[in-house]
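A quick write-up on the structure given underneath.
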Amino acid sequence: MVHLFRTSLGVMALVAASFGLGEGAKAANGPFLPHQALYDLSLVKSRSNSVNSARGRILYNFTGSSCEGYTSEFRQVSELDSGEGKVTLSDLRSNSWEDAAGKSYRFKIETRMNEADAGRVDGSAERDGDHINVKLKLPAPKSFTLDGKIVFPTEQIQRIIAAAKEGKSLLELSVYDGSDDGQKVYNTLTVIGQPIPSDRDTASDPTTSDEHMKSLKRWPVTVSYFDRDAQQKEGEQTPVYAMSFELYENGVSRQLVLDYNDFVISGAMGKFDVKDSKPCN
């Protein structure tokens with residue numbers, strides 16, 4: 001269960017990046033909406049009978065613009081019941097900022113399991129030529145460099161949308177989002193399906209009736225996350241987890257499905273509010 005909530009940070013980063021697209025994406029895909037979204041979590045299935053029930057919510061707020069950068073605030077409260085009175089409660093909070101060009105990324109993450117002391121990650125990453133400089137304040141002061149080909153969550157979503165518009169079905173990226181202890185890099189494989197017609201709504205939620213969303217194109221997308229260190233050492237090809245969702249061309253994600261191998265959780269959008277935005281001067 002701890003594994004579930006730890007890796008939920010990757011899911012968080014992908015959802016939170018949905019509107020944090022860079023300037024290149026804005027030019028190609030149009031404006032992105034500041035908004036608040038609420039997702040209701042529930043158990044879809046348990047493959048190993050390790051989880052009897054699951055419930056929770058994700059609350060996400062996004063503000064900013066291409067000139068001032070994008071700020072996202074995220075909170076996920078989840079409860080897993082494994083039977084015999086064993087219940088795990090997780091409270092995950094994150095605040096991040098990324099500039100529109102995808103060069104700077106700042107993040108603060110706090111994870112609390114049951115009544116235990118919160119685990120905290122606080123750091124920043126700056127792209128500099130062919131490498132990325134990462135500086136962590138928490139959980140312990142540390143500086144290190146990453147390969148410049150690694151992308152932040154913003155660019156990950158930007159490239160998925162660009163690939164979808166080009167008709168591509170596969171996309172491989174290495175992603176750094178500050179999750180775990182701030183030193184984890186994931187290799188990702190994204191599978192993109194055929195565009196879904198705007199008039200085909202197999203499951204209704206607030207996006208299907210919102211005037212900003214009705215005419216937009218969207219694609220079914222599945223992103224699998226692999227532990228890069230394990231792949232390099234052992235050639236491991238089993239994903240740590242995967243998430244599926246429908247991705248609109250303006251970055252909004254709906255119909256989340258989070259697959260943690262042993263069990264699967266869905267995230268249905270229960271509320272979607274568009275916020276006022278300030279145009280760049």
Side-chain angles (χ1 to χ4, degrees), residues 2-22 32 34-39 41 56-78 88-128 132-146 150-158 174-186 188 225 240-241 243 251 253 258 267 275:
V2 174
H3 178 69
L4 161 68
F5 298 119
R6 185 179 70 247
T7 56
S8 287
L9 291 172
V11 175
M12 169 205 71
L14 190 56
V15 174
S18 293
F19 287 88
L21 302 182
F32 297 90
H35 75 294
Q36 181 181 85
L38 179 69
Y39 297 87
L41 306 178
R57 282 186 169 183
I58 292 174
L59 179 63
Y60 171 63
N61 281 285
F62 165 83
T63 57
S65 66
S66 60
C67 49
E68 63 186 26
Y70 302 99
T71 298
S72 59
E73 297 174 339
F74 175 99
R75 185 177 184 184
Q76 177 180 337
V77 178
S78 306
T88 302
L89 179 65
S90 171
D91 189 347
L92 169 64
R93 307 180 191 203
S94 171
N95 188 300
S96 64
W97 175 87
E98 188 168 347
D99 78 326
K103 294 182 178 179
S104 299
Y105 179 53
R106 299 197 298 263
F107 51 92
K108 291 184 178 181
I109 303 166
E110 178 180 315
T111 309
R112 188 179 298 275
M113 301 292 295
N114 294 328
E115 300 302 321
D117 290 340
R120 292 181 173 86
V121 180
D122 185 347
S124 62
E126 299 287 336
R127 192 176 300 278
D128 183 11
I132 297 170
N133 297 318
V134 179
K135 292 184 179 180
L136 297 178
K137 298 178 181 178
L138 295 172
K142 184 172 185 177
S143 297
F144 56 94
T145 61
L146 297 173
I150 293 170
V151 302
F152 302 138
T154 288
E155 188 172 352
Q156 179 188 13
I157 289 292
Q158 176 182 345
S174 293
V175 181
Y176 177 77
D177 58 24
S179 61
D180 289 281
D181 59 358
Q183 300 180 61
K184 177 71 70 176
V185 174
Y186 287 102
T188 68
Y225 285 75
V240 177
Y241 66 97
M243 68 178 299
S253 299
L258 316 178
K275 295 185 175 182

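All of these numbers come straight from a predicted model, not from anything done at the bench. Throughout, numbering of the chain's residues begins at 1 and tracks the sequence. Hydrogens, waters and symmetry mates are skipped; everything else that's a heavy atom, side chains included, is used.
Between Ser174 and Val185, the closest heavy-atom pair is CB-CG1, 4.3 Å. Considering all non-hydrogen atoms of both residues, Val121 and Gly178 come closest at CG1-O, 3.6 Å. Of all heavy-atom pairs between Arg127 and Val151, the closest is NH2-CA, 3.9 Å. Across Pro153 and Val175, no two heavy atoms sit closer than the pair N-CG1, 4.4 Å. Summarising the geometry of Ser72 relative to Tyr60, their closest heavy-atom pair is CB-CE1, 3.3 Å, with the distance given to 0.1 Å.
Taking OG of Ser96 as the start and CZ of Phe152 as the end, the distance is 11.5 Å to the nearest 0.5 Å. For the atom pair CG (Leu92) and CD1 (Ile58), the distance works out to 8.5 Å, reported to the nearest 0.5 Å. Distance OG/Ser104 to CG/Asp99: 4.5 Å, rounded to 0.5 Å. Distance check, rounded to the nearest 0.5 Å: CD of Glu126 to CD1 of Ile132 gives 10.0 Å. Distance check, rounded to the nearest 0.5 Å: CG of Leu146 to CG of Asn133 gives 9.0 Å. Taking OG of Ser78 as the reference point, atom CG of Leu89 lies at 8.0 Å (rounded to 0.5 Å).
Taking 4.5 Å as the limit, every side-chain heavy atom of Asp177 sits out of range of all side-chain heavy atoms of Phe107. Side-chain contact check for Thr71 versus Asn95: some heavy-atom pair is nearer than 4.5 Å. The shortest distance between side-chain heavy atoms of Val134 and Thr145 does not fall below 4.5 Å.
Considering only residues two or more places apart in sequence or on other chains, Asn61 meets the side-chain hydrogen bond (donor to acceptor under 3.5 Å, both in side chains) condition with Gln36, Lys275. When the salt bridge (Lys or Arg N to Asp or Glu O under 4.0 Å) test is applied to Lys184, the partners found at least two apart in sequence or on another chain are Asp227. A search for salt bridge (Lys or Arg N to Asp or Glu O under 4.0 Å) contacts involving Asp128 returns nothing, not counting sequence neighbours. Glu110 is linked by a salt bridge (Lys or Arg N to Asp or Glu O under 4.0 Å) to Arg112, Arg120, counting only residues two or more places apart in sequence or in another chain.
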Go through Leu38 and Arg57 one step at a time and tell me if the side-chain contact (heavy atoms from CB on, under 4.5 Å) criterion holds.
CA-CA 7 Å; Leu38 179 69; Arg57 282 186 169 183; 3.9 Å; yes
Taking it one step at a time, do Gln156 and Thr188 satisfy side-chain contact (heavy atoms from CB on, under 4.5 Å)?
CA-CA 9 Å; Gln156 179 188 13; Thr188 68; 4.1 Å; yes
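The backbone N or O of Gln183 lies less than 3.5 Å from a partner atom in the side chain of Asp181, making a donor-acceptor pair.
Among pairs with a residue in residues 132-144, none fulfils salt bridge (charged side-chain N to carboxylate O under 4.0 Å, His left out), at least two apart in sequence or across chains. Judged as a salt bridge (charged side-chain N to carboxylate O under 4.0 Å, His left out), the pairs with a partner in residues 69-78 (not counting sequence neighbours) are, in order, Arg75-Asp91.
Side-chain atoms of Asp180 and Tyr186 form a donor-acceptor pair, as typed in the model, at a separation below 3.5 Å.
By the 30° and 60° cut-offs, the orientation of the rings of Tyr176 relative to Tyr105 is perpendicular.
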